[in-house]
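Below is one structure, written out as structure tokens; comments come after it.
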Amino acid sequence: KFQYTPVYISRLLKKYTGKSFSKTVQAQRMSRATQYLKATGLPVIEIASLSGFSDLAYFNKAFKATFGQTPTEYRKQIQQG
């Protein structure tokens, strides 16, 4: 629509946010996952899928790298207050 190449858009994103396109997408997916963990009782595998992850092991690894705990641990901590 705007006639920009994906490379150009990625460079603009990096320039103005400091994050690459893939890091930005990953952050959005993690944000969505935390919302599901807080607001639903859905199984972690379903939350991973709804958040855009096709591999549960990768989701768990990425979540732990981002938040320092597994999705299950995160959910338990949120529920405890």
Side-chain angles (χ1 to χ4, degrees):
K1 182 175 183 177
F2 296 106
Q3 310 258 335
Y4 295 131
T5 67
V7 172
Y8 179 73
I9 298 294
S10 292
R11 285 185 186 151
L12 282 178
L13 186 65
K14 176 86 173 181
K15 179 180 177 180
Y16 289 104
T17 68
K19 292 183 190 176
S20 67
F21 176 77
S22 61
K23 294 288 182 187
T24 301
V25 170
Q26 180 91 343
Q28 289 298 315
R29 289 177 174 169
M30 287 296 162
S31 176
R32 185 177 306 137
T34 59
Q35 290 172 353
Y36 283 123
L37 288 166
K38 290 176 188 176
T40 73
L42 293 171
V44 173
I45 191 167
E46 194 169 336
I47 290 172
S49 178
L50 290 169
S51 301
F53 292 89
S54 58
D55 182 341
L56 179 60
Y58 178 71
F59 171 67
N60 284 327
K61 183 178 178 179
F63 195 95
K64 189 165 188 170
T66 302
F67 297 107
Q69 55 192 344
T70 67
T72 302
E73 293 168 342
Y74 180 88
R75 178 181 268 164
K76 286 180 184 175
Q77 181 183 3
I78 294 300
Q79 290 173 344
Q80 291 174 353

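A quick note: this is a predicted structure, and the numbers were derived from the prediction, not measured.
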Review point. Quick check: are there more than 12 heavy atoms from other residues, nucleotides or ligands sitting under 6.0 Å from CG of L42?
Key: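 For L42, atom CG is crowded (more than 12 foreign heavy atoms under 6.0 Å).
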Review point. For F67, does the CZ atom have more than 12 heavy-atom neighbours from other residues, nucleotides or ligands under 6.0 Å away?
Key: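 Check passes, neighbour count above 12.
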Is it the case that the side chain of E73 and the backbone of T70 share a donor-acceptor pair, with hydrogens and angles ignored and the cut-off at 3.5 Å?
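Yes; judged by distance alone, with no hydrogens or angles, the pair exists.
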* Using modelled atom types only, decide if a donor and an acceptor are shared between the side chain of S31 and the backbone of A27 within a distance under 3.5 Å. =>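 Checking the backbone N and O of A27 against the side chain of S31, no donor-acceptor pair under 3.5 Å is found.
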Exercise for the section: Evaluate side-chain contact (heavy atoms from CB on, under 4.5 Å) for I78 paired with L37, printing each intermediate quantity in order. Expected result: CA-CA 9 Å; I78 294 300; L37 288 166; over 6 Å; no
- Task: Check the side chains of S20 and S22 for a donor-acceptor pair under 3.5 angstrom, ignoring hydrogens and angles.
- Result: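 There is such a pair between these side chains.
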Honestly curious: do [X] and [Y] fall in one hydrophobic cluster under the side-chain, below-4.5 Å linking rule?
| X | Y | value |
| --- | --- | --- |
| V7 | F21 | no |
| L13 | V25 | yes |
| Y74 | I45 | yes |

Contact between R75 and T40 at the side-chain level, heavy atoms closer than 4.5 Å - yes or no?
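The answer is yes; the side chains approach within 4.5 Å.
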Minimum-distance pair of heavy atoms, taken over all atoms of R32 and S51: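 Closest heavy-atom pair between R32 and S51: NH1-O, 3.8 Å.
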Checklist line | Reference residue F53; test ring-ring contact (aromatic ring centres under 6.0 Å, His included); the match among Y36, F63, F59 | finding: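 Looking at Y36, F63, F59, the match for F53 under the ring-ring contact (aromatic ring centres under 6.0 Å, His included) is F59.
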Parallel, tilted or perpendicular: which fits the ring planes of Y4 and F2, with parallel below 30° and perpendicular above 60°?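 Y4 and F2: parallel rings.
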Approximate separation, where rounding is to 0.5 Å, of K38 NZ and T34 OG1:
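With rounding to 0.5 Å, NZ (K38) is 5.0 Å from OG1 (T34).
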Q) Rounded to the nearest 0.5 Å, how far does CD of Q26 lie from OG1 of T24? A)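 Reported to 0.5 Å precision, the distance equals 10.5 Å.
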